[in-house]
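One structure is given below, encoded as structure tokens.
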Amino acid sequence: MDAMDGAAPVTTAVRWPGRAAGLALACHPGPVVAVTALACALAAGVGLSPGRFALVGAAVLAGQLSVGWCNDAYDAGRDARSGRRGKPVADGVVSVRTVWGAAAVAGVLCVPLSLACGLLAGTVHLAAVAAAWLYNLRLKATVLSWLPYAVGFAALPSLVALAAPGAPWPRWWTVAAGALLGVAAHLGDTLPDIEADRAAGIRGLPHRLGATGTRLLLPVPLLGATAVLVLGPPGPVGTGALAVLGLAGAVALVGPVLGRWWRKAALAGAVAVAAADLALLLVSGAALT
């Protein structure tokens, strides 16, 4: 049963500024901004032209908006039934129909914007957006909940590389690191809400592992991503890169331990390691291609 059934929330009388704010919050602005900024940082790192840089940023923004609105619209009924607060659709601030419409518009805009980055680049990005929609509509509650995250994060360096002149293929280690960071992002993002999600009937991989199992697994993809970025490129490994690997290992391991007392410690550690990995990618710059 989803937000399209009879249990869907009813929109209350809210003035248009409140509805506009609710619509903006329903897109999951944090992840939208973070992923778009990551794509733009990678695009700047490889030196894309201003026009191609803008296309990549716009395509990723449109795709992320469509995914975020789809998520809140689809989950509205479940959020309302479970009493989950702070969700604009479930709270009745903005209607399910409006959010579905916004998701559809953003999704339609994402197609020409993505393809304008190049046929291969656009196809890769659209496949990632489709995987994210599939997560919202089906895979979120299955053991394959990690897969769309892996596909989506692996697609970012692929999109940027393929959008460069000549559409060069991305280096394998950038794609592998992106996929591993995607898995880590899924585990870290889900960890604080595992029990609440379980009560709402969600049974993705982290929910099946439980909070303890997820905390123990989280360092594996984090360390794997950093190791791939440090050891994957040909040539000698620099002292700075080894230092980042050691620091990432320490943070990745300490975060889950502290999670017993601070429930978002593992997520904070994951963000710190991801930032270090992004720094490695930006330092490598053209190595994406």
CG of Leu181 to CG of Leu222, rounded to nearest 0.5 Å, is 7.0 Å

Assess the residue pair Ile194 and Leu209 against the criterion (side-chain contact (heavy atoms from CB on, under 4.5 Å)); give the C-alpha distance rounded to whole Å, side-chain angles, the decisive distance to 0.1 Å, and a yes or no. CA-CA 10 Å; Ile194 282 181; Leu209 294 173; over 6 Å; no

If you look at every heavy atom in Ala131 and Pro148, which pair is closest and at what distance? O-CB, 3.3 Å

Smallest heavy-atom separation, Cys110 atom then His125 atom, equals SG-CE1, 3.6 Å

Cluster check Val111, Leu119: I/L/V/M/F/W/Y, side chain < 4.5 angstrom: yes

Straight-line distance of Asp193 CG to Ile202 CD1, nearest 0.5 Å: 9.0 Å

Should the heavy atoms of other residues, nucleotides or ligands under 6.0 Å from CZ of Arg208 be counted, would the total exceed 12? yes

Find out whether Val105 and Val108 are in side-chain contact, i.e. whether some heavy atom of one side chain is under 4.5 Å from a heavy atom of the other. no

Nearest heavy-atom pair of Trp69 and Leu23: which atoms, and what distance? NE1-O, 2.7 Å

How many angstroms lie between atom CG of Asp197 and atom NZ of Lys140, to the nearest 0.5 angstrom? 6.5 Å

Considering all heavy atoms, the nearest Gln64-Thr36 contact: CG-OG1, 4.4 Å

Backbone of Leu191 reached by a side-chain donor or acceptor of Thr214 within 3.5 Å: no

Where the side chain of Asn136 meets the backbone of Val67, is there a donor-acceptor pair that is under 3.5 Å apart? yes

Distance-only donor-acceptor hits, side chain of residues 153-161, under 3.5 Å, sequence neighbours excluded:
{"from": "Ser158", "atom 1": "OG", "to": "Ala154", "atom 2": "O", "distance (Å)": "2.9"}

Run through the side-chain heavy atoms of Ile, Leu, Val, Met, Phe, Trp and Tyr, join any pair under 4.5 Å, and report what else lands in Leu25's cluster. none

On a heavy-atom basis, the closest approach of Ala103 and Cys70 is CB-N, 3.7 Å

Say whether Leu205 and Leu144 are linked into one hydrophobic cluster, either directly or through other cluster members, by side-chain heavy-atom distances under 4.5 angstrom. yes

Which atoms form the tightest heavy-atom contact between Ala58 and Leu113, and what is the distance? O-CD1, 3.7 Å

Should Val220 and Val143 be regarded as members of a common hydrophobic cluster, given that ILVMFWY residues are connected when their side-chain heavy atoms come within less than 4.5 Å of each other, either directly or indirectly? yes

All ring-ring contact (aromatic ring centres under 6.0 Å, His included) counterparts of Tyr149, not counting sequence neighbours: Tyr135, His186

So if you build clusters from Ile, Leu, Val, Met, Phe, Trp, Tyr with side-chain heavy-atom gaps below 4.5 Å, do Trp173 and Leu38 land together? yes

Would Leu217 and Leu187 count as a side-chain contact (heavy atoms from CB on, under 4.5 Å) here? Give the steps. CA-CA 8 Å; Leu217 179 60; Leu187 297 174; 3.9 Å; yes

Does Arg138 CZ have over 12 foreign heavy atoms under 6.0 Å away? no

Identify whether Val175 and Val183 are in the same connected component of the hydrophobic contact network (ILVMFWY, side-chain heavy atoms under 4.5 Å). no

